[in-house]
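The structure appears below as C-alpha cells.
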Amino acid sequence: MKVLVVGNGGREHAIAWKLAESKDVKEVVCVPGNGGTAYEDKCVNIAPEGGNYVEIARREGCSLAVIGPENPLAEGLADEFWAAGIPAVGPKKAAAQLEASKGFAKDFMKKYSVAAAASETFTDEAKALEYIRQKGAPIVVKADGLAAGKGVVVAKTVGEAEAAVRDMMEDKKFGESGSTLVIEDYLTGNEVSILAAVSVTPELAATGKACIIPFLSARDHKRLRDGAEGPNTGGMGAVAPVEDLTPLIQSQFEKNILQPTLKGLIDMQADYRGFIFFGLMLTEDGPKCLEYNVRLGDPETQAVLPLMDFDFAAMCRAIVDGTLKDFTFDWRPGCVVAPVAVSGGYPGEYKKGIPIECSRDTFMKSGAKLFIAGANPDRRGDRVQTDNAMGLITSGGRVLACSAYGANFAEAWRKAYEALQTIHFDGMFYRKDIGLPGAARSD
C-alpha cells in the first residue's frame, strides 16, 4: 500500500521511516516532508498544493493517511479524509479539542476524575490576576489554544505569573490562543511522557473493542541548557524508556488517568482513531496528568519508535479498522537516547540556510539514526562541495535528532553523543546531559 504522511518535522520523519520499514508499504508520500524524508528509503516529498491533502492522497493512490501535527487535526483534516473514503490515523475535529483547547481538556479531566492538577479557566484578565494573587506562586499559566508547544509559563513568582497573563491576554503573544487562560497548581516531581495508540468509536465502544494501548514511557527535556536551565523550547532531546516509571506508577497511571480518559472518549461518542500523548508529573501522590496531545510527541517519537519490534504500518491499520485491541505489541529490550541539535540563537532568532556536514564513516559506525526536523535539501547551485556535505541546509530552530539504541542507557547515551559529534553546522548547539539524573527536573 501507499501511505500519506502529513507534516514536515522530526516526528514525521520518524513516522515515515517506521512506515517504510513495513514490507506491506510500497511508498510513503510525505506532504510536505523535509530534508530527511527527501532521502529516506521508499519516501517521496510532495508540496501541499494549498493544503489539499485529500486530493494528493487520491492522485497518488494512498489507501491510508497519518496526520502528524496538531493544527490540521484541530482544523478537521481527519474528518476530510474519512469523508473522502480514505482512512486516517488521527482524531476527528471534536476529539482533537483535547489539545486545541486546554480549557476543554481541563473540564474533561474534572468531569471524568482524571488525576490532574487543580485549575481554573479565565477569559477576564482582572479575574485571572486576582486568582493568581490569592493562590500565590509558583503557579502555571497556560494559553488555552495551540501555541506550538510554547504557551505555558511556569511562574516562580506572582510577578512572573502576572506578566505572563498580560503577555497572553493584552499583548496577544500567542494570538487568540491566549484570549482564554488556564491557571493551574504547580506540581513538583519528574515529568514523563506516555504515547499511546487509540481506537475509539461509538461502534467499537458498543462491542467492547474501544481501547487505548500505551507505548513505552519517554522523557522530553524542554529547557535549553544543561541541568534544565534556560528558556523552554520545543524539546532538546528525549530518552526511552524511563526507569522511574515503576510498575506501581504504571498501574496508577492506567487506573487514574488512562481508563478515565477512555471512559470520557466513549461517553462523548468520540471518533478517535489515532495517537494520544499523556504528559505526566510523577508526584508524591502518584502520577498526575499535565496535558493531552492528540498526536505523537516530538522529540519523544524519535526515541520511542526505534524501540518498536512490530510492524508500525500494521498497527496503524489496526487503529483504523478497529482491531487494535487484538494487536500484539513487542518491544526491543534496551534504551534509546535522542539529543536534539538546534540552530544558534534558538528559541529566539536564528539564521537559516546553513549547510550541514557529517563525517559519514564515523557516524555510520555509531549505528545511530538521524531524524531531520528543520532542514531542507540544498538546491543552491553555487554551494561549495565538501566531502562531508550532507546536501542539507538548516530551515528551522530544531534541526535534527540523533537517535541511538543501546542494550542499556549508558551504551545508548555514548553512541548518541559519539554520533552527534560527527555532525556540524555553524552555530550548532545541543545539550550534553539528555537522560542524565537531574537533566529534566521540574522543581
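No hydrogens, no waters, no symmetry mates; every other heavy atom, side chains included, goes into these values. Start at 1 with the first residue, then count along the sequence.
- To the nearest 0.5 Å, atom SG of residue Cys211 and atom CG of residue Leu265 are 11.5 Å apart.
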Quiz item: Taking it one step at a time, do Asp298 and Arg398 satisfy salt bridge (Lys or Arg N to Asp or Glu O under 4.0 Å)?
Solution: CA-CA 11 Å; Asp298 189 346; Arg398 290 192 297 165; 3.8 Å; yes
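- Relative orientation of the Phe371 and Trp17 rings is perpendicular, given thresholds of 30° and 60° on the angle between their planes.
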Quiz prompt | Check against side chain to side chain contact (heavy atoms under 4.5 Å, CB included), Tyr272 and Val294 | solution = CA-CA 9 Å; Tyr272 196 133; Val294 296; 3.5 Å; yes
Exercise. Assess whether salt bridge (Lys or Arg N to Asp or Glu O under 4.0 Å) is satisfied between Arg317 and Asp24, documenting all intermediate values.
Key: CA-CA 11 Å; Arg317 291 299 310 182; Asp24 295 326; over 6 Å; no
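- Around the CG atom of Asp361, the shell of radius 6.0 Å holds no more than 12 heavy atoms that belong to other residues, nucleotides or ligands.
- The side-chain contact (heavy atoms from CB on, under 4.5 Å) test with Phe215 singles out one residue from Leu307, Thr301, Leu195, and that residue is Leu195.
- The shortest side-chain heavy-atom distance between Val6 and Leu4 falls under the 4.5 Å cut-off.
- Not a single donor-acceptor pair under 3.5 Å links the side chain of Arg11 to the backbone N or O of Gly297.
- For Lys365 and Phe363, the positive end is not near the middle of the six-membered ring at less than 6.0 Å and at most 45° from its axis.
- There is no side-chain donor-acceptor pair under 3.5 Å between Ser101 and Lys106.
- Remark: side-chain polar atoms of His13 are paired, donor with acceptor, to backbone N or O of Ile372 under 3.5 angstrom.
- The backbone N or O of Lys26 sits nowhere less than 3.5 Å from a side-chain atom of Lys2 that would complete a donor-acceptor pair.
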Exercise. Applying side chain to side chain contact (heavy atoms under 4.5 Å, CB included), run through Thr261 and Phe108 and close with a yes or a no.
Key: CA-CA 8 Å; Thr261 299; Phe108 177 95; 4.2 Å; yes
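- Using a 4.5 Å heavy-atom cutoff, the side chains of Phe429 and Met236 are in contact.
- Side-chain contact between Glu99 and Leu146: present, with at least one pair of heavy atoms (C-beta onward) separated by less than 4.5 Å.
- Between atom CD of residue Gln97 and atom NZ of residue Lys92 there is a gap of 15.0 Å, rounded to the nearest 0.5 Å.
- By the 4.5 Å heavy-atom criterion applied to side chains, Tyr39 and Met390 are not counted as neighbours.
- A salt bridge links Lys415 with Glu411; the closest basic N to acidic carboxylate O contact falls under 4.0 Å.
- Counting heavy-atom neighbours within 6.0 Å of Lys351 NZ, excluding the residue itself, gives a total of 12 or less.
- Between Ile212 and Phe278 the shortest heavy-atom distance is CG2-CE1, 4.3 Å.
- Side-chain contact between Gln259 and Leu262 is present, with at least one heavy-atom pair separated by less than 4.5 Å.
- Arg219 and Ala440 make their closest contact through CD-CB, 3.7 Å (heavy atoms, listed as atom of the first residue, atom of the second, distance).
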Practice problem: Begin with the C-alpha distance, continue with both residues' side-chain angles, and end with the deciding distance and a verdict on side chain to side chain contact (heavy atoms under 4.5 Å, CB included) for Val320 and Trp82. | Solution: CA-CA 10 Å; Val320 298; Trp82 282 102; 4.0 Å; yes
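- The aromatic rings of Phe310 and Phe329 stand perpendicular to each other, their planes meeting at an angle above 60°, with 30° marking the opposite boundary.
- A donor atom on one side chain and an acceptor atom on the other are not found under 3.5 Å apart for Tyr350 and Thr394.
- Taking all atoms of both residues into account, the shortest heavy-atom contact from Val239 to Cys335 is CG2-SG, 3.8 Å.
- Atom CG in Leu296 sits 9.0 Å away from atom CD in Glu12 (nearest 0.5 Å).
- At most 12 non-hydrogen atoms from other residues, nucleotides or ligands lie less than 6.0 angstrom from NZ of Lys173.
- Rounding to the nearest 0.5 angstrom, the gap separating the OG1 atom in Thr233 from the CG atom in Leu224 is 6.5 Å.
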Exercise. Quick one: do Lys209 and Thr323 satisfy side-chain hydrogen bond (donor to acceptor under 3.5 Å, both in side chains)? Show the steps, please.
Key: CA-CA 7 Å; Lys209 294 183 179 180; Thr323 61; over 6 Å; no
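- Heavy atoms of other residues, nucleotides or ligands lying less than 6.0 angstrom from NZ of Lys111 number 12 at most.
- Exactly one residue among Asn34, Asn376, Thr37 makes a side-chain hydrogen bond (donor to acceptor under 3.5 Å, both in side chains) with Asn45. That residue is Thr37.
- Side-chain contact between Tyr112 and Asp267: present, with at least one pair of heavy atoms (C-beta onward) separated by less than 4.5 Å.
- With rounding to the nearest 0.5 Å, the separation of CE in Met315 from CD1 in Ile319 is 4.0 Å.
- Contact annotation: the side chain of Thr422 never approaches that of Ser366 to less than 4.5 Å [non-hydrogen atoms, C-beta and beyond].
- The two residues Ser63 and Met1 have their closest heavy-atom pair at OG-CB, 3.4 Å.
- Side-chain atoms of Ile183 and Phe122, non-hydrogen and from C-beta on, do get closer than 4.5 Å to each other.
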Exercise. Applying side chain to side chain contact (heavy atoms under 4.5 Å, CB included), run through Ser179 and Asp144 and close with a yes or a no.
Key: CA-CA 7 Å; Ser179 296; Asp144 174 71; over 6 Å; no
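- A salt bridge links Lys369 with Glu40: the distance from a Lys NZ or Arg NE/NH1/NH2 to an Asp or Glu carboxylate oxygen falls below 4.0 Å.
- Summarising the local packing, CD of Glu21 is surrounded by more than 12 heavy atoms from other residues, nucleotides or ligands at distances under 6.0 Å.
- The CE atom of Met109 sits 8.0 Å away from the OG atom of Ser119 when rounded to the nearest 0.5 Å.
- Results of the side-chain contact (heavy atoms from CB on, under 4.5 Å) test with Ile15 over Ile67, Val28, Val5 single out Val5 as the only residue that passes.
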